[in-house]
Number of protein chains: 2
Amino acid sequence: MKYHKYIEKGPMPSRQSMRELLRKAVSFNCSIEEVDLLDSLDRVTAQDIKTKRELPNLPTGKMDGIGVKAKDFAAGIPDTHSWREGCEYVFVNTGCSIIPPYDTLIMIEDVDFSKGHLIIKKLPKAGQLVDLPGSTIRRDEILLPRCTRITPPLMGLLAAGGIKKIPVFVKPKVAFIPTGDELSPWQEETLPPGKNAESNSVMVYGFLQKYQAKPLILPIVSDDREALKKALQTAAQKADIIIINAGSSKGTKDFTLEILEDEGNILVYELGCRPGKHSSFSFFRGKPVLGMAGPPNGAELAARFYLSELIDIYYGQKEKIVASITVNADFSFQPTGKADFCIQAHVYKKNNEYYAELLNAKTVTRPYLLQKCNSFIYLPAGQRIDAGEKVEAELLEGRETIDWR
Amino acid sequence: MKYHKYIEKGPMPSRQSMRELLRKAVSFNCSIEEVDLLDSLDRVTAQDIKTKRELPNLPTGKMDGIGVKAKDFAAGIPDTHSWREGCEYVFVNTGCSIIPPYDTLIMIEDVDFSKGHLIIKKLPKAGQLVDLPGSTIRRDEILLPRCTRITPPLMGLLAAGGIKKIPVFVKPKVAFIPTGDELSPWQEETLPPGKNAESNSVMVYGFLQKYQAKPLILPIVSDDREALKKALQTAAQKADIIIINAGSSKGTKDFTLEILEDEGNILVYELGCRPGKHSSFSFFRGKPVLGMAGPPNGAELAARFYLSELIDIYYGQKEKIVASITVNADFSFQPTGKADFCIQAHVYKKNNEYYAELLNAKTVTRPYLLQKCNSFIYLPAGQRIDAGEKVEAELLEGRETIDWR
């Protein structure tokens with residue numbers, strides 16, 4: 001019976017250094033597939049996509065109004081008493097074309113028909129309020145560069161440009177290997193005494209759906225060297241990215257790093273950021289392996305910070321800056337140890353200012369924590385927060401809803 | 001041939017007043033369905049969901065270490081020279097159970113086996129580092145209250161609590177009616193001269209997928225009173241929410257508001273916010289009808305602000321505050337007219353500060369605008385922004401990626 005000594009071996013990267021390390025170490029060969037436009041939400045373009053048409057294809061009115069000929073206004077507003085629709089002017093509705101000889105639009109608020117004749121109240125400038133051909137989408141314009149994540153407005157843009165099929169990157173396959181003798185499948189009706197429900201696979205499944213990756217959840221592997229190695233081999237054959245959950249700590253049965261050290265290549269034994277410090281990063285049979293801490297908070301951080309980064313790398317996405325808002329800390333906090341600390345917090349608004357309340361995972365239940373947590377405050381090692389201090393909080397994607405009090 | 005006079009008839013609500021108006025005016029009867037846990041991402045719970053088990057179900061170690069009996073430490077650290085594994089102490093790995101008589105955990109860093117015997121370096125407190133039964137999830141605890149949107153960590157929580165089927169609200173059906181003689185289906189290979197490709201339906205389709213609603217895209221309806229009425233009737237029969245796109249302006253062929261005034265009940269003829277001012281809100285055969293401005297920028301705003309609000313109301317979601325970040329405006333802007341203005345902007349970071357660049361939809365192509373736009377700056381009517389001023393910018397969901405320069 002022995003304890004492992006992997007701790008504080010090699011670099012313990014901060015969140016940002018870990019991201020940079022992943023960007024340097026990892027690359028992928030992505031395949032391309034075509035999807036229908038209506039199925040393209042959140043997919044990532046694999047090529048520049050050029051428009052199939054220019055828009056508008058004729059001059060078009062920007063507003064509701066009348067189309068006139070600029071030359072009729074060369075000497076100021078002319079006498080329009082005898083002007084007839086279809087001769088000297090035409091009606092033009094927003095987005096409808098103005099065909100020569102009409103070349104200028106006067107908005108409907110600047111004309112009057114109340115006395116049975118056209119009266120123009122304001123001198124137009126030649127060509128005003130007319131969208132010229134190609135002003136919305138230029139002929140041959142790139143609608144979306146390669147590596148663009150497709151949002152709803154971009155779907156509309158592609159439709160406008162006449163694109164029906166979109167070349168996108170095939171979703172990366174991500175294998176998830178849960179490990180540990182103490183785990184039972186979450187589906188079990190009755191959990192045996194002393195067993196824990198394996199639930200991280202379900203969280204990761206959700207994140208992978210959000211990140212546009214294909215989850216491949218493998219069965220729980222017991223704390224057995226050969227079984228773990230076999231699971232890693234299966235995962236390396238089938239997946240682009242491997243997650244191995246837990247077994248990278250100091251426990252008597254933590255064989256993961258032992259195998260990865262012998263048969264793979266460990267770049268990071270543990271992180272310089274809590275919770276989830278006992279996460280690792282390796283290669284096994286050429287595939288990137290994210291060793292993910294077991295406790296759900298640590299696993300969540302690893303998924304949000306590093307799994308997302310790996311998938312961003314896969315999809316050729318630039319490094320993200322998560323925007324932060326300035327909040328008043330309503331708590332004091334000083335983490336122990338030499339690692340950065342990512343504080344889970346609840347941000348709310350009061351009297352037009354933001355405040356953050358600490359959620360201490362050690363003193364609240366998991367349902368309470370997850371119901372309240374809407375932000376992270378990233379605290380570098382050695383720093384502390386004092387109540388009343390202003391700090392930067394990053395709101396979690398999809399948790400932008402803020403209470404007010 | 002006549003122009004309509006709906007403009008400035010009735011209230012012209014700001015974004016916030018419009019939201020409040022929708023919350024007062026609209027209510028839904030939602031049905032409930034059950035989905036599998038793995039299909040529950042982003043769905044909304046229709047009932048409180050109670051755990052089926054407490055976790056842990058036995059006392060459990062918080063860290064890797066050894067389990068001991070607190071009573072052995074009543075008089076300080078005892079002589080452990082002859083202590084044997086399985087008698088006076090046991091090994092405990094993180095998350096594994098500590099079964100009585102062991103009741104206290106000493107972390108592995110605080111013990112030493114280097115001389116062949118156990119040495120305890122630090123006096124433990126009774127019960128330390130042990131998670132008691134129910135400390136992670138209490139027996140009978142509510143995992144998720146009704147009306148909770150399910151995130152990946154919440155999926156993990158449900159798995160931990162032994163929940164396999166989730167009662168969620170059935171997705172609302174949203175009918176989209178595109179209108180206008182100038183429109184051609186976006187699928188057409190060749191757009192006839194003077195025609196515009198109907199693309200808002202595809203954008204709205206994308207937003208509805210994001211918002212967990214079921215899109216029902218109807219064919220383009222020409223500017224014909226009877227055809228429009230028939231389309232509204234079809235939509236009212238099939239959908240929970242109706243969107244009618246354009247036809248609410250002052251054009252000669254804008255019949256939408258005429259029909260809604262005669263056959264329905266118009267609450268808002270136009271908004272007090274540009275772009276998209278020519279959006280409306282009505283009821284037709286008891287169903288809420290969002291009249292959406294035609295130009296894509298206005299349609300996008302209506303989708304982001306008001307369609308999302310309607311769907312939040314459907315799902316029983318609280319009103320959202322969109323968090324904003326403080327940015328330096330690198331432009332000056334003074335909108336004309338009496339409406340608020342929602343500025344489309346590109347936020348970037350430079351020297352550790354945020355900056356915002358104006359994107360003027362009237363002077364750039366639509367691809368350029370949509371590739372750059374990652375935020376909105378909401379400017380109340382009558383206000384202006386001067387270059388160098390600090391203003392609040394709201395980052396668009398899914399566009400949190402910020403450039404640095």
Side-chain angles (χ1 to χ4, degrees), chain A residues 1 3 38 41 53 56-58 64 91 93-97 108 136-138 141 143 151-157 159-160 164 182 186-187 191 193-194 196-197 199-200 202-203 205-207 209 249-253 294 296 300 320-323 325 349 365-367 370 395 398 400-402, chain B residues 1 3 38 41 53 56-58 64 91 93-97 108 136-138 141 143 151-157 159-160 164 182 186-187 191 193-194 196-197 199-200 202-203 205-207 209 249-253 294 296 300 320-323 325 349 365-367 370 395 398 400-402:
Chain A
M1 186 74 89
Y3 269 82
L38 294 180
L41 183 66
R53 52 194 172 217
N57 56 16
L58 286 181
D64 294 332
F91 281 102
N93 293 331
T94 310
C96 294
S97 51
I108 204 67
T136 299
I137 299 178
R138 288 198 318 272
E141 187 166 11
L143 296 174
T151 62
L154 293 178
M155 286 172 72
L157 175 68
K164 287 185 249 181
E182 76 281 18
W186 61 271
Q187 296 94 335
L191 207 57
N196 194 2
S199 65
N200 286 341
V202 178
M203 176 180 71
Y205 186 95
F207 275 119
Q209 283 180 287
S249 194
K250 291 162 286 181
T252 45
K253 298 176 176 176
E300 180 184 336
K320 275 184 192 143
I321 295 187
V322 179
I325 57 176
K349 201 168 188 178
T365 62
R366 195 167 155 207
L370 291 182
L395 288 177
E400 304 85 353
T401 313
I402 293 176
Chain B
M1 187 73 91
Y3 269 82
L38 293 180
L41 183 66
R53 53 194 171 215
N57 57 16
L58 287 180
D64 293 333
F91 281 103
N93 293 330
T94 309
C96 292
S97 51
I108 204 67
T136 299
I137 298 178
R138 289 198 317 273
E141 187 167 10
L143 295 174
T151 62
L154 293 177
M155 287 172 72
L157 176 67
K164 287 184 248 180
E182 77 281 17
W186 60 272
Q187 295 94 336
L191 207 56
N196 194 2
S199 65
N200 286 341
V202 177
M203 175 180 71
Y205 186 95
F207 275 119
Q209 283 180 287
S249 194
K250 291 162 285 182
T252 45
K253 297 175 178 177
E300 180 184 337
K320 274 183 192 143
I321 295 188
V322 179
I325 57 176
K349 202 169 187 178
T365 62
R366 196 168 155 205
L370 292 182
L395 289 176
E400 303 86 353
T401 313
I402 292 176

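All chains are named by letter (A, B, ...) in the order of the sequence lines, taking the proteins before the strands, and each is independently numbered beginning at 1.
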Just wondering, do [Y] and [X] contact through their side chains at under 4.5 Å, heavy atoms?
{"X": "B:I325", "Y": "A:I325", "value": "yes"}
{"X": "B:E182", "Y": "A:N93", "value": "no"}
{"X": "A:P153", "Y": "B:F207", "value": "yes"}

Closest non-hydrogen atom pair between [X] and [Y], with its separation:
{"X": "B:L191", "Y": "A:N57", "answer": "O-ND2, 3.4 Å"}
{"X": "A:M155", "Y": "B:V202", "answer": "O-CG1, 3.4 Å"}
{"X": "B:A197", "Y": "A:A159", "answer": "CB-O, 4.3 Å"}
{"X": "B:L143", "Y": "A:P367", "answer": "CD2-CG, 3.8 Å"}

Quiz item: When only pairs under 4.5 Å are counted, which of A:G156, A:A160, A:G206 shares the most heavy-atom pairs with chain B?
Solution: A:G156
Quiz item: Out of A:L58, A:N200, A:L38, which one racks up the most heavy-atom pairs below 4.5 Å with chain B?
Solution: A:L38
Exercise. Let me know if A:R53 has heavy atoms under 4.5 Å from chain B in its side chain, its backbone, both or neither.
Key: side chain
Quiz item: Listed by chain and number, what are the salt bridge (charged side-chain N to carboxylate O under 4.0 Å, His left out) partners of A:E300, not counting sequence neighbours?
Solution: A:R304
Practice problem: Examine whether an atom of B:P56 lies under 4.5 Å from a heavy atom of chain A, and if so say whether it belongs to the side chain, the backbone or both; otherwise answer neither. | Solution: neither
Quiz item: Picking from B:P296, B:S97, B:G194, B:C96, which has the most non-hydrogen pairs under 4.5 angstrom with chain A?
Solution: B:G194
Quiz item: Once you round to the nearest 0.5 Å, how far does OG1 of A:T365 lie from CG of B:L157?
Solution: 8.5 Å
